[in-house]
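All values below were derived from every heavy atom in this structure, side-chain atoms included, with hydrogens, water molecules and symmetry-related copies excluded. Counting convention: from 1, in listed order, for ligands and their atoms alike.
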Amino acid sequence: MSRKPVLPGQVMASGQLATLGVMGGGQLGRMFVQAAQEMGYFTAVLDADPASPAGLVSHYHIQTPYEDEQGLAQLMQRCEAITTEFENVPAPALMTLGAHRPVAPAAQAVAVAQDRIAEKAHFVACAQAGGVGPAPYAAIDSEALLKAVPADLLPGILKTARLGYDGKGQIRVQDRAALAAAWEQMGRVPCVLEKRLPLKDELSVIVARGADGQIVHFPPQRNLHRDGILAVTEVFEGNLPAALAQQAVASTRAIAEQLQYVGVLCVEYFIVDDGSAEGALVVNEMAPRPHNSGHYTLNACDVSQFELQVRAMAGLPLVQPRQHSPAIMLNLLGDLWFDAEGKARTPDWAAVLALPGTHLHLYGKLDARAGRKMGHLNITAATVEQVRATARQAAALLGIAPWA
Ligand code: ATP
Ligand code: MG
């Protein structure tokens, strides 16, 4: 299905410039807003927080909860098309918006990504069609299912079906007793138990799909997590075994295709140590939006993930992105805003920015807290050796621990 695009700079019947809206005001919304504004759109953000990173830079900021009827009505009235930056935006709110305006991704697709049980079922269906399968798992939403968990899923990780992020809503369990206690601790909400796998590496693939079915993709990103939070992303020739990288791209495109997805989609994968030299690919989860692991595209690619989000939702043509520089992204967590004694400080940006090919992105958050995503640093260079060397120098200056 194709539709008439919302053109940048178009003057609408209301007398206003064409406006794109986003549900959620976090950093992903902020970078979306910035990309839309660069192209000439007006923007509107719906987020209750008056200091939200996206609200601070948007033409319009509607400060209501996601399900507030008046807030949603205002957003629809202002905007020609609407997207989301946060997968926990209630699907019914997106459904309401979708009845009146083009919404990308659609509520049904977001609903699948919001629920690990539905998400895994989608992955299993894709795997049956020749794609990459998830880790062995069992859904748990009753005492009976808890008891019926196969022994070979232990040791495992119990994850809440809904509302988990950055490793929150997860408990590692060794045995049945620990599993029962963990489910109790989760408040007996629907969960999945996943077998704990020996990971060699982690990666993600970002695709964008248009309403006309066209799909484009970024090269696979190699991701390093610390304490369940993304710490470092590396994207350059040779960052991952080529065959697995290719397989991950094909799998991600199929996952988007089979959801009839419109917008930017990120799928995370594990490379599991299965005894083979390269390891085997396992699909972990998906995010129905731009992703932290795609922030390097702002400086290392000719089209960023946020520009593709704008294009997809506005019904503009998508183009296959070209990465022009090897890239490393360092996530800047609130921990860096404190010295060894716990005293507040501002990281020495002047020293970091003295390194060639460093690009600082801060999200406008006032309160630094441990584990809070305050910004990211992209590093680009002409060669892989150079980007690695600069990233390690920047990390050392900032107090980010070295990685392999
Ligand atoms: P996100 O911030 O990506 O949304 P999340 O809270 O949804 O994170 P997951 O991506 O499921 O959580 O898991 C976080 C991290 O925990 C993974 O990136 C991986 O390092 C580790 N992990 C998760 N599941 C497994 C598993 N089955 N076996 C081994 N390690 C795992
Ligand atoms: Mg994850």
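- Residue-ligand proximity, Asn284 to ligand 1, at heavy-atom distances under 4.0 Å covers atoms 9 (P), 10 (O), 11 (O).
- Every residue was checked against the salt bridge (Lys or Arg N to Asp or Glu O under 4.0 Å) condition with Asp175, not counting sequence neighbours, and none meets it.
- Between Glu85 and Arg289 no salt bridge is recorded (no basic side-chain N to carboxylate O distance below 4.0 Å).
- Considering backbone and side-chain N/O atoms, Ile157 never comes within less than 3.5 Å of an N/O atom of ligand 1.
- Residue Asn223 does not touch ligand 1, judged by heavy-atom distances below 4.0 Å.
- The side chain of Leu199, and not its backbone, has at least one atom closer than 4.0 Å to an atom of ligand 1 (non-hydrogen atoms only; side chain from C-beta on).
- For Thr380 and His359, the side-chain atoms include at least one donor-acceptor pair closer than 3.5 Å.
- Salt-bridge formation is not detected for the pair Glu285/Lys159: no Lys NZ or Arg NE/NH1/NH2 atom is positioned less than 4.0 Å from an Asp or Glu carboxylate oxygen.
- With a heavy-atom cut-off of 4.0 Å, Lys195 touches ligand 1 through its backbone alone.
- For the residues Met286, Arg226, Glu202, Glu285, the heavy atom positioned nearest atom 17 (C) of ligand 1 is part of Glu202.
- Residue Gln170 places at least one N or O, backbone or side chain, under 3.5 Å from an N or O of ligand 1.
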Legend entry - His291 and Glu268: CA distance, side-chain angles, deciding distance, side chain to side chain donor-acceptor pair (under 3.5 Å) verdict: CA-CA 10 Å; His291 192 261; Glu268 296 178 34; 3.2 Å; yes
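- Screening residues 329-342 for side chain to side chain donor-acceptor pair (under 3.5 Å) gives Asn292-Asn331 as the qualifying pairs, with residues at least two apart or on separate chains.
- The closest approach between any non-hydrogen atom of Phe270 and ligand 1 is below 4.0 Å.
- Applying side-chain hydrogen bond (donor to acceptor under 3.5 Å, both in side chains) to Gln27 and the options Lys373, Lys365, His361 leaves one that passes, Lys365.
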Inset, instruction - Would you sort out whether Thr64 and Gln70 count as a side chain to side chain donor-acceptor pair (under 3.5 Å), showing the intermediate values? - result: CA-CA 8 Å; Thr64 69; Gln70 283 189 4; over 6 Å; no
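- Using a 4.0 Å cut-off between heavy atoms, Arg116 contacts ligand 1 through its side chain alone, with no backbone atom that close.
- Atom numbering of ligand 1 starts at 1 in the shown order; those under 4.0 Å from a heavy atom of His225 are 18 (O).
- Of the options Arg196, Arg172, Lys159, Glu268, the smallest heavy-atom separation from atom 11 (O) of ligand 1 is shown by Lys159.
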